[in-house]
Amino acid sequence: MTTPDFTGRTAIITGGSRGIGLAIGQRLAEAGANVVLTSRDQDSADAAAAQITGNALGVAAHVADEDAAQRCIETTLERFGSIDILVNNAGTNPAFGPLIDQDHARFAKIFDVNLWGPLLWTSRAVKAGLGERDGHSGVVVNTASIGGMSFAPRMGMYNATKAALIHITKQLALELSPGIRVNAICPGVVRTKLAEVLWKEHEQGLAAKLALGRIGEPVDVAEAVLFLASDAASWITGQTLVMDGGQILGDATGFRGGFGG
């Protein structure tokens, strides 16, 4: 496959200072896009942008802050002249544990960041002209999770936000059609700081259960976003692309018979 050409197009990636967000920014920039990376503080945003080869800008913006979102949108337009791709990647999980042990503060924070954030940024980007340029659809990619399709101990609140984000992705795909495509990615366990509790102490055992024998790397997710943002996916909207090494299929250890290496 040839690398898509994003020359002249501009992407905003929320939560872009590390992990999956930074990897997405790097791949889009390598393909020619102008990239805007957001983080909660300016130093982190600047440090992330410095790691990008190409046109990159770091902007401090808490994902649930309406004024910060609007400032980022305006800064992007002033710097690059358009917004063509929005990747709603910022996420959090302050509510790790049983549902009945959560309090309202953690409930509000996780839903503000994981659900309100993508809605807020999509709204501001669309109203600023996302999808109005000739030749390409506007693109929104939401970072959901396979947790939004299943159940896991201590992950109930997080998974609820991702299930809702999958639903909202489909709703937005209809509401914003035909000029804007909206899709979601659903990663499994990826080597990121946010997901450390899921892999750091038992990576080998977890990897052994996966059909593909390893946990994900941020670049695995970035490649999928690159595809969904490209014209190769121009007839795809309202979909959830799972990338989990086969995790959602279940424990693979009992199925292996020596085939495939």
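Values below: all heavy atoms of this structure, side chains included; hydrogens, waters and symmetry mates excluded. Throughout, numbering of the chain's residues begins at 1 and tracks the sequence.
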Find the distance between [atom1] ([X]) and [atom2] ([Y]) and round it off to the nearest 0.5 Å.
X    : Y    : atom1 : atom2 : result
F227 : I185 : CZ    : CD1   : 13.0 Å
D244 : I146 : CG    : CD1   : 4.5 Å
S39  : L22  : OG    : CG    : 10.5 Å
Q247 : C186 : CD    : SG    : 12.0 Å
T237 : K170 : OG1   : NZ    : 10.0 Å
I166 : T161 : CD1   : OG1   : 9.5 Å

| said: I'd like to know if I168 and V113 are part of one continuous hydrophobic network [Ile/Leu/Val/Met/Phe/Trp/Tyr, side-chain heavy atoms within less than 4.5 Å]. | reply: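 Shared cluster, yes.
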| ILVMFWY network linking W116 to L165, side-chain heavy atoms under 4.5 angstrom |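 Same cluster.
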| query | Stepwise, does the side chain to side chain contact (heavy atoms under 4.5 Å, CB included) test hold for M149 with V242? | reply | CA-CA 10 Å; M149 303 175 171; V242 173; 3.7 Å; yes
Check whether [X] reaches the backbone of [Y] with its side chain - one donor and one acceptor, N or O, closer than 3.5 Å.
X    : Y    : value
K162 : T143 : yes
R106 : D101 : yes
Q102 : F107 : no
R181 : A233 : yes
N89  : G15  : yes
T3   : A31  : no
D46  : D43  : no
T10  : D84  : no

Is any side-chain heavy atom of [X] less than 4.5 Å from a side-chain heavy atom of [Y]?
X    : Y    : answer
E223 : V219 : yes
V139 : L228 : no
P218 : V190 : yes
I110 : Y158 : yes
V36  : T75  : no

| request: Determine the sole option in T122, N114, T169 for which the side chain to side chain donor-acceptor pair (under 3.5 Å) test with N88 is passed. | output: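 The passing option is T122.
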| message | So, applying side chain to side chain donor-acceptor pair (under 3.5 Å) with N34, which one of T76, N55, T7 is it? | response |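 Testing N34 for a side chain to side chain donor-acceptor pair (under 3.5 Å) against T76, N55, T7 leaves exactly one candidate, N55.
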Considering all heavy atoms, the nearest [X]-[Y] contact:
X    : Y    : result
A29  : I52  : CB-CG2, 3.3 Å
F111 : A160 : CZ-CB, 4.2 Å
R40  : A60  : O-CB, 4.1 Å
L115 : P118 : O-CD, 3.2 Å
I73  : A128 : CG2-CB, 3.4 Å
R9   : S137 : NH2-O, 3.6 Å

| Chi angles and distances behind the side chain to side chain contact (heavy atoms under 4.5 Å, CB included) call for L241, N183 | CA-CA 8 Å; L241 178 57; N183 292 291; over 6 Å; no
| Would you say the side chains of S234 and D231 form a donor-acceptor pair under 3.5 Å? |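 Checked: S234/D231 side chains show no N/O donor-acceptor pair below 3.5 Å.
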| message | What verdict does the side chain to side chain contact (heavy atoms under 4.5 Å, CB included) test give for L172 and V140, after you've listed the backbone C-alpha separation in whole Å, the side-chain angles of each residue and the deciding distance to 0.1 Å? | response | CA-CA 9 Å; L172 285 172; V140 177; 5.8 Å; no
| task | May I have the step-by-step check of side chain to side chain donor-acceptor pair (under 3.5 Å) for E30 and Q26, ending in yes or no? | result | CA-CA 6 Å; E30 288 168 3; Q26 289 169 331; over 6 Å; no
| task | Might you confirm whether atom NZ of K209 has over 12 heavy atoms from other residues, nucleotides or ligands at distances under 6.0 Å? | result |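 Atom NZ in K209 is not crowded, with 12 or fewer foreign heavy atoms closer than 6.0 Å.
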N/O donor to acceptor pairs below 3.5 angstrom from side-chain atoms of residues 248-255, sequence neighbours left out:
residue	atom	partner	partner atom	Å
D251	OD1	T253	N	2.9
D251	OD1	T253	OG1	2.7

| query | Does the pair L226 and F6 meet the rule for a side chain to side chain contact (heavy atoms under 4.5 Å, CB included), with working shown? | reply | CA-CA 10 Å; L226 199 71; F6 289 91; 3.7 Å; yes
